[in-house]
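To keep things clear, I will list the structure first and then write my remarks on it.
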Amino acid sequence: ALITLCFLAVPSPVGPAGSAAAAQARTVVVGGDRDYPPYEFIDRSGQPAGYNVDLTRAIAEVMGMKVEFRLGNWAEMRDALQAGRVDVLQGMSYSPERSGEVDFSVPHAVVNHAIFGRKDNPSVNSLEELKGKTVAVHRGGIMHDYLLRQGVGARLTLTDTPADALRLVASGKVEYAVVAIVPGMYMIRELKLTNLVPVVRNVATQRYCYAVDKGNAELLSRF
């Protein structure tokens, strides 16, 4: 995946100095996926780690913000943003449909998604060729949304994490998984899923951004 860091610009103060200072002093709760390496994940010592976490810490330092990380199940994190339990999601793929629910920053990365299968699987060359086949996909992830919207006709099995999707393929319970290429290759190595390969390396390219609840322009400007 191509990862592009954006330039960080300090916005001009808005409104009374007191309210601006109070906003800066408040701890911002940053949500993310607990199992989406190398972008964001809980490491072996139980701490938040990954590219998104490093980027958020760098932004917080530049902007003088206090941040608290809260990583968990991705579908639950999307609900937490809507419910106000987290203030911002540090890694969410943009889509026009999602932009009706949240406001996005400029992208900080571009994520390519791939089809993974076992080495002995019949070959496929596109998402359209998954029609009628069993396919594991991360619940609430951008490719779950995308496959439903495109009406591919695959028989979807929804999983809590991308790693679970790959495990289902490796064990022979489903035929394919659609997972971002960089996390997919990382998990194959870490989990020693030696019978899996990326069958098609790029079936969709998504812009990866910060996201806040609709209308929270002041917070979004700081990211």
Side-chain angles (χ1 to χ4, degrees), residues 1-8 27-43 47-63 65 67-114 137-146 158-166 177-187 190 202 204-214 216 219-223:
L2 170 65
I3 297 178
T4 307
L5 291 178
C6 60
F7 291 100
L8 304 176
T27 298
V28 176
V29 181
V30 180
D33 196 323
R34 70 183 179 216
D35 194 13
Y36 198 58
Y39 296 106
E40 53 188 17
F41 59 99
I42 301 294
D43 67 16
Q47 298 302 309
Y51 162 75
N52 294 352
V53 172
D54 292 343
L55 179 59
T56 295
R57 284 178 173 144
I59 292 172
E61 182 176 357
V62 169
M63 299 301 295
M65 291 188 295
V67 295
E68 172 191 331
F69 293 99
R70 195 169 296 169
L71 306 188
N73 174 281
W74 176 243
E76 292 173 1
M77 286 293 103
R78 289 183 65 177
D79 290 341
L81 179 65
Q82 299 293 317
R85 293 191 298 273
V86 301
D87 299 308
V88 58
L89 296 178
Q90 61 184 351
M92 188 174 191
S93 294
Y94 171 86
S95 74
E97 292 75 21
R98 287 178 169 185
S99 69
E101 301 174 0
V102 302
D103 287 333
F104 288 96
S105 71
V106 296
H108 58 75
V110 175
V111 178
N112 295 320
H113 295 263
V137 66
H138 185 198
R139 180 185 288 104
I142 190 64
M143 293 311 295
H144 178 197
D145 296 352
Y146 186 86
L158 305 182
T159 64
D160 288 337
T161 69
D164 290 339
L166 293 172
V178 180
V179 175
I181 184 71
V182 173
M185 297 304 293
Y186 182 99
M187 294 169 199
E190 289 295 303
N202 188 5
T205 299
Q206 305 291 345
R207 290 172 286 171
Y208 199 46
C209 315
Y210 284 87
V212 299
D213 198 19
K214 201 73 180 166
N216 196 349
L219 179 59
L220 188 63
S221 72
R222 289 192 262 162
F223 285 93

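Remember, predicted model here, so these are calculated numbers, not experimental data.
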Kindly write out the residues that satisfy side chain to side chain donor-acceptor pair (under 3.5 Å) with [X], not counting sequence neighbours, or none if the list is empty.
| X | answer |
| --- | --- |
| Asn73 | none |
| Asp103 | Lys214 |
| Arg98 | Asp145 |

For [X] and [Y], work out which heavy atoms get closest and say how close.
| X | Y | result |
| --- | --- | --- |
| Gly91 | Asn52 | CA-ND2, 3.7 Å |
| Leu81 | Ala211 | CD2-O, 4.0 Å |
| Phe104 | Tyr94 | CD1-CD1, 3.3 Å |
| Pro48 | Leu71 | CB-CD1, 3.7 Å |
| Ala177 | Leu166 | CB-CD2, 4.2 Å |
| Ile181 | Ala114 | CD1-CB, 3.8 Å |

To the nearest 0.5 Å, how far apart are [atom1] in [X] and [atom2] in [Y]?
| X | Y | atom1 | atom2 | value |
| --- | --- | --- | --- | --- |
| Ser221 | Met63 | OG | CE | 6.5 Å |
| Thr159 | Asp164 | OG1 | CG | 5.5 Å |
| Asp35 | Trp74 | CG | CH2 | 13.0 Å |
| Asn216 | Asp87 | CG | CG | 7.5 Å |
| Thr161 | His138 | OG1 | NE2 | 6.5 Å |
| Ile142 | Tyr208 | CD1 | OH | 11.0 Å |

Below 4.5 Å, heavy atoms only, C-beta onward: do [X] and [Y] meet side chain to side chain?
| X | Y | result |
| --- | --- | --- |
| Arg78 | Met92 | yes |
| Met187 | Pro37 | yes |
| Val179 | Met143 | no |
| Leu158 | His144 | yes |
| Val137 | His113 | no |
| Phe69 | Arg57 | yes |

Tyr146 side chain to Ser95 side chain, donor-acceptor N/O pair below 3.5 angstrom: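 Not at all, the side chains of Tyr146 and Ser95 share no donor-acceptor pair under 3.5 Å.
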Any side-chain donor near an acceptor of the partner, Tyr39 and Asp33, under 3.5 Å: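 There is no such pair (donor and acceptor under 3.5 Å, judged by atom type) between the side chains of Tyr39 and Asp33.
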Single hit among Leu89, Val88, Val28 for side chain to side chain contact (heavy atoms under 4.5 Å, CB included) with Val212: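 Per the side chain to side chain contact (heavy atoms under 4.5 Å, CB included) rule, the option paired with Val212 is Val88, out of Leu89, Val88, Val28.
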Trace of the ring pair (Phe, Tyr, Trp, His ring centres under 6.0 Å) decision for Tyr51 with His108: CA-CA 10 Å; Tyr51 162 75; His108 58 75; 5.6 Å; yes
Arg70 side chain vs Arg85 backbone, donor-acceptor pair below 3.5 Å: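 Answer holds: yes.
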Check against side-chain contact (heavy atoms from CB on, under 4.5 Å), Leu55 and Tyr210: CA-CA 11 Å; Leu55 179 59; Tyr210 284 87; 3.6 Å; yes
Glu101 atom CD, neighbour heavy-atom count above 12 within 6.0 Å: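 It does: Glu101 CD has more than 12 such atoms within range.
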Gln90 vs Val53, side-chain contact (heavy atoms from CB on, under 4.5 Å): CA-CA, chis, key distance, verdict: CA-CA 8 Å; Gln90 61 184 351; Val53 172; 3.6 Å; yes
